[in-house]
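Start at 1 and go down the list; that is how both ligands and their atoms are numbered.
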Amino acid sequence: MADGTGVGVTAVDVTAESPYQVLVGHGVLDQLSQLCGDRARRVAVIHPPTLINVAARVEAKLSSAGLEPVRIDVPDAEAAKTAAVAATCWSVFGTAGFTRSDVVIGLGGGATTDLTGFVAATWLRGVRLITVPTTVLGMVDAAVGGKTGINTPEGKNLVGCFYEPAGVLCDLDVLASLPAAELVSGLGEVVKCGFIADPEILSLVEGDPTGVRSAGSAVLREAIERSIRVKATVVSGDLRESTSSGTRVGRELLNYGHTLGHAIERREKYRWRHGEAISVGMVFAAELSRLAGRLDPQLVDRHVRALELVGLPVSYRAGVLDELLATMALDKKTRGSTLRFVVLDALAKASILEGPPPELIAAAYERVSSQ
Ligand code: GLY
């Protein structure tokens, strides 16, 4: 397994409404002060308690660049995405006197960067935002693409807005302390990018499944960079998820495996990690595609193989489809009146399957059911 260190910084351009770059590499955190811009004075660093050491390092770097860092410690994971936590952040900004030229940094996983994006977008109608994702999932998905938001008791991400960062720093060094199960969960989104857009990612995963699970490996770095490019291309073409219509796929492409995946996450009360749930969701979507006569069975098998190779689940409980369908029906309210699935017609060629017959859904679910 090659060592992925010391090979410089990779820049991926996102060119939607306010162009910015995603920088990937070892030690890219060093670029943080520069990215804050010339006008900044105060810089909020929003982070969960688990990242206190990295946050303290960031604080020291900002101070030595003459900036005034203000650390804001928020709860871990989804517990950060509440109106109460957002209000705490606004209150800190107000007390510290944050102006329009100051900066907000989100340092953490997807939940932290979603919350941070939302409070940055809403403080004084929008201040400079920098995201520093510290998980594979955050790097390849949440931190890139401008979706921000918090949850309400009625559901996830019901309050939020599109707000693009000024830059995203993916420092591969921070992955060294990521728990193995978290890293593997992020690979669910990586494998997704392989199936929907960049099959070379699948070759990387299949060629070196151990390497791709190892923080610091060259193969993981390449898989992350390729996945970021997939996301950057998709969101650059459809930032606001508005070009999917009928069977045309825009940003909705990124939801491959997510219709069933979200329902599983909800049924499991979010004890399943996102990547685990969408892993089953992708096999289900592939089965739907096959049963609808669109996808070669060998590609369905390839889903199972690739996901199992990285250690992700490919089946879920039998006998709970009705429950899952009820949740999917709630989900569909945000997308229109019929149940929509992103499906594959071939490798890297997606389309939309709208309102499939219940027998087709049941048959596909049967194929992913465990006992
Ligand atoms: N996570 C899906 C999206 O950013 O659209």
Colleague: Let me know which protein residues bring a heavy atom to under 4.0 Å of ligand 1; chain then number is fine for ordering.
Modeller: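 Close residues (ligand 1, cut-off 4.0 Å): Asp141, Lys147, Lys231, Arg251, Leu254.
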Colleague: Quick one: do Glu323 and Arg267 make a salt bridge, cutoff under 4.0 Å?
Modeller: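 Here Glu323 pairs with Arg267 in a salt bridge, since their nearest N and O are under 4.0 Å apart.
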Colleague: To the nearest 0.5 Å, tell me how far Tyr256 OH sits from Lys192 NZ.
Modeller: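 Tyr256 OH to Lys192 NZ: 11.0 Å, rounded to 0.5 Å.
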Colleague: Does one side chain, of His258 or Glu189, offer a donor that lies under 3.5 Å from an acceptor on the other?
Modeller: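 Short answer, yes.
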Colleague: Can any side-chain N or O of Glu182 pair as donor or acceptor with the backbone N or O of Pro179 at less than 3.5 Å?
Modeller: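 It does not hold such a pair.
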Colleague: Give every residue pair that meets the ring pair (Phe, Tyr, Trp, His ring centres under 6.0 Å) criterion with at least one member in residues 173-202, sequence neighbours excluded.
Modeller: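 As it turns out, the ring pair (Phe, Tyr, Trp, His ring centres under 6.0 Å) pairs with a partner in residues 173-202, which skip direct neighbours, are Phe195-His303.
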Colleague: Could you give the distance from CG (Asp13) to OG (Ser236), rounded to the nearest 0.5 Å?
Modeller: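 Atom-to-atom, Asp13:CG and Ser236:OG are 8.5 Å apart.
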